[in-house]
Chemist: 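After the structure tokens below, expect a handful of questions from me.
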Amino acid sequence: MERKAPEVQDSDALLAVAAPERSAAGLHSIAETVHRAAGEMGVGRAWKALRAVNQKDGYDCMGCAWPDPAHRKAAEFCENGAKAVGWEAGMLTVPTAFWALNDVGSLASRTEYWLGQQGRLTEPVYKPEGSDHYRPVTWDEAFRIIARELNGLDYPNEAAFYTSGRTSNEAAFVYQLFARSFGTNNLPDCSNMCHESSGLAMTETIGVGKSAVSYTDFAKSELIIVMGQNPGTCHPRMLTALEEAKQAGAAIVAVNPLPEAGLINFRNPQTVRGLVGRGTDLADQFLQIRLAGDMALLQALSKKVFDAEKAAPGTVLDHDFIGKHCQGLDAFRAHLDNLDEREVLAATGLNPAEIDELAQRYLNARRVIVTWAMGLTQHRKAVATIKEIINLLLLRGNIGKAGAGPSPIRGHSNVQGDRTMGIWEKMPPWFLDALQREFAFEPPRTDGVDAVDSIRGMRDGGIKVLIALGGNLVHAISDTESAEAAVRRTRLTVQISTKLNRSHAVTGAQALILPTLGRTEIDRQASGAQFVTVEDTVCAVHRSEGNLEPVPANARSEVAIVCGLARAVLGSKVPVDWEGLTANYDRIRDHISHVVPGFENFNARTRAQDGFVLPHGPRDSRTFPTASGKAMFTVNELETIHLPAGRLLLQTVRSHDQFNTTTYSMNDRYRGVKKGRLVLFVHPQDLADLGLADGGYVDVHSEAADGVDRVLRQLRLIAYPSARGCATAYYPEANVLVPLDSTAEGSNTPASKSVIIRLEPAAAPAVPEQERAGTAGPA
Ligand SMILES: Nc1nc2c(c(=O)[nH]1)N[C@H]1C(S)=C(S)[C@@H](COP(=O)(O)OP(=O)(O)OC[C@H]3O[C@@H](n4cnc5c(=O)[nH]c(N)nc54)[C@H](O)[C@@H]3O)O[C@H]1N2
Ligand SMILES: Nc1nc2c(c(=O)[nH]1)N[C@H]1C(S)=C(S)[C@@H](COP(=O)(O)OP(=O)(O)OC[C@H]3O[C@@H](n4cnc5c(=O)[nH]c(N)nc54)[C@H](O)[C@@H]3O)O[C@H]1N2
Ligand code: SF4
Ligand SMILES: [Mo]
């Protein structure tokens, strides 16, 4: 497809809107990559940094969790990976004078974009109770304050230890060891808001909550169904894998309410054809489904598989596989007998021919992969929906063979590894037993709080200290206003961070910011330069070693901070040599090898060039470590969201120029938006039905069971080719609209992709968006 110059339809107040793009990547993205990185780092440093990304002797891209191919190209990164590198490795730092000039209140009035632009954090700073300013403190003073507060609590469960998924395996392991030695399993993490629904659904049905495919399976598949995922923006190099699969004969089907660029067409910047040609039309079929309609679609597909089996008995289901490895087929089949086709059509917004076509593709393919991300996990029925993926795949034995399997595509680069290392509020007894054996202490045995429950705990006064290893909890979680009020009730908040964000501006009575090194940087400790390890979305573990001189001279590695903190807080309470662990990360890896299955001989194997792949029973040998020892078909009651008249269902998504709560720029090139994030994408016919027009402004009210009127003011309407009845806004600005209590059944993940909203016409904003804080407007 020819690249059209964007046609600007509206240039008032800087915000500009053009037609969305169909094709992702291409020349433009290379130019964007190099330009940005060089602008932030200087050409020499940018070259050095980008040359090492995702290389075997370099560092792992800190963007998403997409895996690396065995044979690396010279440039093994995408545009968004380069943005992440540039954002971290830029030379700008926050000067000491900043803290006297900017009080906490003024920081809270800034956008995430502004906060992120202030540069790297360089020194520990402390905001005492009653003061509105942070001031520099020494590392020792910072640790003393934290020790005083933690040791002054009545119960260890009055503290919560949050983790974001950029943390290395080594840092995650010592962090959970610290929290459990202190006496709590309160280890909420970003995964609670992300793939928790996937982990739960898969653990209950196949016994392992991780992707059952390997990188090489994509090229061996005959059909890849990409559901609720926007890889062009969020996992850009996945498009290369999809293109390769397609060239090898696979069909690709996209199921999404939005025609996302990249799923439709991909111009691979690594190939001549991608650079100058028209690219590859990736999706063979695009099902423009309604929000939250996937469970109905999946049930309809499984029903069609049973119908085909009925028509030609013995030829459609994989009877051999089901007989040997599965349980629950008859109950599942009986349940689908009652599936109401009208409900399927209403829930999905699809027509019968589209569903038939996909069913036929499924029946014709011998090897099928289903991938998914937040479009499935962040709904009320998310866990049940993902169980329906498993049902569909089990019917034809699409697991534990080449080119087939369920594959949740993880978000943060090491979110999966952090879980493997024990960052979870509900780690099973065998893990706690292993910790007990290795470190000779009694770990707490009651489950801790997850992300939503930690906010509830702060709100209700039960959690008084929040420590965060990365991330931006207060702006990532739902219900921004309640979350902020909750955090402000605590005695102390501690953020271990690379750069400023809203969680530094919304604090407890006291607050500390501890500056840390990033992935790109050389990590020197007593025994020399250290490397860390990470696990990608397909369970491959490999090393990561930064090659740049650290920007902030007084920052410490995450491992050094966590171990320093543990020593200050715990003293000799547990027999752990925290200093020794900091001096040489091999010692941490030795402990990991004794505690976590699959990490035997960790230090040696991680020094082998390619790292190693963790064992996975269902993938490797069709062994299903469930309670029954079988893969479980499940019966899930279909529940459709019925929208009251005049209402829309809202989803909150990422733009092309953000990484979660970090905003790289105010643009979203693929969706045609420039210089503005306070926008709402709605189908033109829905706009007309509501008496609204493209370019107008609305206040968005969400309608929740608790009757609270949550409002996001003055969003600019964009007529967009979305599924009918669905609206789309950007996360985290729209988090104000998501009620804290609106979560997925079972996983407690905020249902931030199914929010019932009402639109009311509003005046155009008087100030340009860059000056609007981007959170709730004045009521
Ligand atoms: N550039 C960039 N990369 C990232 C991130 C980032 O912020 N920026 N974040 C990282 C993280 S932590 C994560 S978890 C991943 C997120 O990766 P994605 O899940 O791809 O990200 P989202 O922007 O949430 O997009 C959700 C997609 O699902 C679709 N969708 C929403 N609801 C439904 C539904 O009900 N049914 C179907 N079929 N589709 C639906 C949306 O239209 C959208 O295309 O990306 C990771 N990579
Ligand atoms: N409405 C809505 N809400 C959502 C989502 C959604 O789709 N819609 N998505 C959810 C998802 S999938 C996720 S994963 C969460 C994300 O939640 P989080 O992981 O908490 O948020 P991030 O924005 O990724 O965190 C960014 C911050 O991490 C810090 N940081 C960056 N690099 C490093 C590092 O190397 N070390 C340390 N210590 N700190 C670092 C920086 O200070 C940066 O500001 O948000 C969730 N919230
Ligand atoms: S696909 Fe993900 S991990 Fe790979 S370079 Fe891009 S952002 Fe980084
Ligand atoms: Mo995520």
Side-chain angles (χ1 to χ4, degrees), residues 53-54 60-68 76-85 87-88 112 115-116 121 162-168 171 189-191 193-195 227-231 233-238 254-258 260 263 287 289-294 297 372-379 385 409-413 415 451 468-473 475-478 495-504 514 516-519 536 558 561 649 651-662 664 722 726 728 731-732 734-735 737-738 749-750 752-755:
V53 191
N54 291 331
D60 182 60
C61 171
M62 68 292 279
C64 73
W66 184 253
D68 305 313
E76 195 55 71
F77 57 87
C78 71
E79 173 192 349
N80 281 341
K83 285 179 202 164
V85 169
W87 189 80
E88 174 184 302
E112 288 287 2
L115 291 168
L121 294 158
Y162 177 72
T163 312
S164 169
R166 203 169 270 188
T167 294
S168 67
D189 67 351
C190 66
S191 200
M193 303 178 264
C194 186
H195 267 295
M227 303 186 81
Q229 195 197 344
N230 179 19
T233 283
C234 291
H235 304 94
R237 286 185 311 149
M238 179 175 167
V255 183
N256 201 304
L258 302 179
E260 303 283 31
L263 281 176
L287 288 97
I289 196 163
R290 289 210 168 133
L291 287 170
D294 305 81
L297 172 65
W372 69 91
M374 297 305 101
L376 295 201
T377 64
Q378 298 177 336
H379 292 287
T385 301
I409 307 295
R410 245 96 198 179
H412 267 296
S413 54
V415 63
L469 183 53
N472 184 3
L473 175 61
H475 217 180
I477 195 83
S478 44
Q495 301 287 336
I496 301 166
S497 314
T498 52
K499 281 188 149 187
L500 275 176
N501 64 46
R502 191 157 181 85
S503 291
H504 305 113
L514 307 179
T516 190
L517 298 177
R519 289 264 178 90
D536 63 32
E558 292 183 338
I561 295 172
L649 199 58
Q651 67 157 329
T652 55
V653 298
R654 294 149 172 81
S655 79
H656 193 61
D657 267 8
Q658 77 182 77
F659 192 89
N660 296 339
T661 65
T662 298
Y664 299 131
S722 148
C726 304
T728 301
Y731 139 67
N735 290 30
L737 296 170
V738 188
T749 294
S752 41
K753 291 197 172 40
S754 40
V755 185

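As the structure lists them, so they are numbered: ligands from 1, and atoms in each ligand from 1.
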Chemist: Quick check: closest heavy atoms across Cys194 and Thr749, and the distance to 0.1 Å?
Modeler: N-CG2, 4.2 Å

Chemist: Could you find the nearest protein heavy atom to atom 23 (O) of ligand 2 and give me its residue, atom name and distance?
Modeler: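 In this structure, atom 23 (O) of ligand 2 has Thr661 OG1, 2.5 Å as its nearest protein heavy atom.
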
Chemist: Look at atom 20 (O) of ligand 1 and say which protein heavy atom is nearest, naming residue and atom and giving the distance to 0.1 Å.
Modeler: Asn230 N, 2.7 Å

Chemist: So which heavy atom in the protein is nearest atom 40 (C) of ligand 1, and how far is it from that ligand atom?
Modeler: Pro257 CD, 3.3 Å

Chemist: Which of the numbered atoms in ligand 1 are under 4.0 angstrom from any heavy atom belonging to Glu260?
Modeler: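 Within the 4.0 Å cut-off of Glu260, ligand 1 contributes 42 (O), 43 (C), 44 (O).
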
Chemist: Among protein heavy atoms, which lies nearest atom 8 (N) of ligand 1, and at what distance?
Modeler: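 Answer, as residue, atom name and distance: Gln658 O, 2.6 Å.
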
Chemist: Show the atoms of ligand 1 that are less than 4.0 angstrom away from any heavy atom in Cys194.
Modeler: 14 (S)

Chemist: Going by the atom numbers of ligand 2, which of them fall below 4.0 Å from some non-hydrogen atom of Ile496?
Modeler: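 Selected atoms, number and element: 37 (C), 38 (N), 39 (N).
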
Chemist: Can you list the steps and then say if Lys83 with Phe659 is a side-chain contact (heavy atoms from CB on, under 4.5 Å)?
Modeler: CA-CA 9 Å; Lys83 285 179 202 164; Phe659 192 89; over 6 Å; no

Chemist: Would you say Ile289 and ligand 1 have an N/O pair spaced under 3.5 Å apart?
Modeler: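 No.
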
Chemist: Does Cys78 bring an N, O or S atom to under 2.8 Å of atom 8 (Fe) of ligand 3?
Modeler: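 For Cys78, the answer is no, given that no N, O or S atom comes within less than 2.8 Å of atom 8 (Fe) of ligand 3.
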
Chemist: Is Asp68 salt-bridged to Arg237, cutoff N-O under 4.0 Å?
Modeler: yes

Chemist: Identify, for atom 22 (P) of ligand 1, the protein heavy atom at the shortest distance, and state residue, atom and that distance.
Modeler: Arg654 NH1, 3.6 Å

Chemist: Numbering the atoms of ligand 2 from 1, which are under 4.0 Å from a heavy atom of Ser497?
Modeler: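 Near Ser497, meaning under 4.0 Å from one of its heavy atoms, ligand 2 has 39 (N), 42 (O).
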
Chemist: List ligand 2 atoms under 4.0 Å from Glu558, heavy atoms only on the residue side.
Modeler: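 Result: 34 (C), 36 (N), 37 (C), 38 (N).
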
Chemist: From the options Gly518, Gly471, Gly411, select the one whose nearest heavy atom is closest to atom 29 (C) of ligand 2.
Modeler: Gly471

Chemist: Could you list which atoms of ligand 1 come closer than 4.0 Å to a heavy atom of Asp294?
Modeler: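 Listed by number with element, the hits are 34 (C), 35 (O), 36 (N), 37 (C), 38 (N).
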
Chemist: Can you name the atoms of ligand 1, numbered from 1 with element, that are less than 4.0 Å from a heavy atom of His379?
Modeler: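 The atoms of ligand 1 under 4.0 Å from a heavy atom of His379 are 32 (N), 33 (C), 34 (C), 35 (O).
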
Chemist: Evaluating non-hydrogen atoms only, which member of Phe659, Tyr731, Trp87 is closest to atom 13 (C) of ligand 2?
Modeler: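 The option holding the nearest heavy atom is Tyr731.
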
Chemist: What are the two closest heavy atoms between Tyr162 and Asn472, and how far apart are they?
Modeler: CE2-N, 4.4 Å

Chemist: Tell me, which protein residue and heavy-atom name are nearest atom 3 (S) of ligand 3, and how many Å apart are they?
Modeler: Cys64 O, 3.3 Å

Chemist: Considering only protein heavy atoms, which is closest to atom 8 (Fe) of ligand 3, and at what distance to one decimal place?
Modeler: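 It is Cys61 SG, 2.3 Å.
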
Chemist: With heavy-atom distances below 4.0 Å as the criterion, list the atoms of ligand 2 near His412.
Modeler: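 The atoms of ligand 2 under 4.0 Å from a heavy atom of His412 are 14 (S), 19 (O), 24 (O).
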
Chemist: Looking only at protein heavy atoms, which one is nearest to atom 34 (C) of ligand 1, and how far off is it?
Modeler: Gly375 O, 3.1 Å

Chemist: Examine ligand 1 and decide if any of its atoms is less than 4.0 Å from a heavy atom belonging to Gly63.
Modeler: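 No, Gly63 has no heavy atoms under 4.0 Å from ligand 1.
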
Chemist: At a 4.0 Å threshold, what atoms of ligand 3 neighbour a non-hydrogen atom of Pro236?
Modeler: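 Answer, ordered by atom number: 1 (S).
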
Chemist: Which atoms of ligand 1 are found less than 4.0 Å from any heavy atom of Asn80?
Modeler: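 Per the distance check, 1 (N).
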
Chemist: Suppose I only count heavy atoms of Arg237 and a 4.0 Å limit; which atoms of ligand 3 are within that range?
Modeler: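 The list of qualifying atoms is 1 (S), 3 (S), 4 (Fe), 5 (S).
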
Chemist: For atom 32 (N) of ligand 2, which candidate among His475, Glu112, Arg502, Arg166 provides the closest heavy atom?
Modeler: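 Going through His475, Glu112, Arg502, Arg166 one by one, Arg166 has the nearest heavy atom to atom 32 (N) of ligand 2.
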
Chemist: Regarding ligand 1, does Met374 bring an N or O atom to under 3.5 Å of one of the ligand's N or O atoms?
Modeler: yes

Chemist: Select the closest option to atom 43 (C) of ligand 2 among Thr163, Ile477, Thr516, Asn501, judged by heavy-atom distance.
Modeler: Asn501

Chemist: Could you go through the side chain to side chain donor-acceptor pair (under 3.5 Å) check for Arg166 and Thr498 one step at a time?
Modeler: CA-CA 11 Å; Arg166 203 169 270 188; Thr498 52; 5.5 Å; no

Chemist: Identify the protein heavy atom lying closest to atom 45 (O) of ligand 1, giving its residue, its atom name and the separation to 0.1 Å.
Modeler: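 Nearest neighbour among protein heavy atoms for atom 45 (O) of ligand 1, to 0.1 Å: Cys234 CB, 3.2 Å.
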
Chemist: Could you report the tightest heavy-atom contact between Ala451 and Leu473, atom names first, then the distance?
Modeler: CB-CD1, 4.4 Å

Chemist: Could you tell me, atom by atom, which parts of ligand 3 come under 4.0 Å of a heavy atom of Asn54?
Modeler: 4 (Fe), 5 (S)

Chemist: Look at atom 19 (O) of ligand 2 and say which protein heavy atom is nearest, naming residue and atom and giving the distance to 0.1 Å.
Modeler: Ser164 OG, 2.7 Å

Chemist: Considering the heavy atoms of Gly470, write down every atom of ligand 2 situated less than 4.0 Å from one of them.
Modeler: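 Those of ligand 2 that fall under 4.0 Å from Gly470 are 37 (C), 38 (N), 39 (N).
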
Chemist: Ignoring hydrogens, what is the shortest heavy-atom contact between Thr652 and Lys753? Give both atom names and the distance.
Modeler: O-NZ, 2.9 Å

Chemist: Testing Asn660, Thr233, Thr661 for side-chain hydrogen bond (donor to acceptor under 3.5 Å, both in side chains) with Arg654, which one passes?
Modeler: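 Among Asn660, Thr233, Thr661, the one that satisfies the side-chain hydrogen bond (donor to acceptor under 3.5 Å, both in side chains) with Arg654 is Asn660.
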
Chemist: Less than 4.0 Å is my threshold; does some heavy atom of His235 fall inside it relative to ligand 1?
Modeler: yes

Chemist: Can a donor-acceptor pair be found, under 3.5 Å and without considering hydrogens, that links the side chain of His235 to the backbone of Arg410?
Modeler: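 Indeed, once roles are kept as given, a pair shorter than 3.5 Å links the two residues.
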
Chemist: How far is atom 42 (O) of ligand 1 from its nearest protein heavy atom, and which residue and atom name does that atom have?
Modeler: Asn256 OD1, 2.6 Å

Chemist: Just which atoms of ligand 2 are under 4.0 Å from any heavy atom in Asn472?
Modeler: 18 (P), 20 (O), 21 (O), 25 (O)

Chemist: Going by the atom numbers of ligand 3, which of them fall below 4.0 Å from some non-hydrogen atom of Phe77?
Modeler: 5 (S)

Chemist: Shortest non-hydrogen contact from Gly165 to Cys190?
Modeler: N-SG, 3.3 Å

Chemist: For atom 47 (N) of ligand 2, what is the closest protein heavy atom, and at what distance to 0.1 Å?
Modeler: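 The closest heavy atom on the protein side is Ala476 O, 2.6 Å.
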
Chemist: Looking only at heavy atoms, what is the nearest atom pair of His195 and Ala373, with distance?
Modeler: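 Looking at all heavy atoms of both residues, the shortest contact is CE1-CA, 3.7 Å.
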
Chemist: Numbering the atoms of ligand 2 from 1, which are under 4.0 Å from a heavy atom of Tyr162?
Modeler: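 Atoms satisfying the 4.0 Å criterion: 17 (O), 18 (P), 19 (O), 20 (O).
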
Chemist: I need the nearest protein heavy-atom contact for atom 31 (C) of ligand 1: residue, atom name and distance, please.
Modeler: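 Here the closest protein heavy atom is Gln651 OE1, 2.8 Å.
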
Chemist: Just by modelled atom types, is the Ser164 backbone N or O under 3.5 Å from a matching donor or acceptor in the Thr167 side chain?
Modeler: yes

Chemist: Within a distance under 4.0 Å of any heavy atom of Lys753, pick out the atoms of ligand 1 and give their elements.
Modeler: 24 (O), 26 (C), 31 (C), 32 (N)

Chemist: Among Thr498, Val653, Thr662, which residue places a heavy atom closest to atom 30 (N) of ligand 2?
Modeler: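 Shortest heavy-atom distance from atom 30 (N) of ligand 2: Thr498.
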
Chemist: Of all the atoms in ligand 1, which lie at a distance below 4.0 Å from a heavy atom belonging to Val255?
Modeler: 37 (C), 38 (N), 39 (N)

Chemist: Thr233 heavy atoms, cut-off 4.0 Å: which ligand 1 atoms fall inside?
Modeler: 1 (N), 2 (C), 3 (N)

Chemist: Do Arg290 side-chain atoms and Cys726 backbone N/O form a donor-acceptor pair below 3.5 Å?
Modeler: no

Chemist: Taking the non-hydrogen atoms of Gln378, is any one of them nearer than 4.0 angstrom to ligand 2?
Modeler: yes

Chemist: Tell me if a side-chain donor or acceptor on Ser497 pairs with a main-chain N or O of Lys499 at a distance below 3.5 Å.
Modeler: no

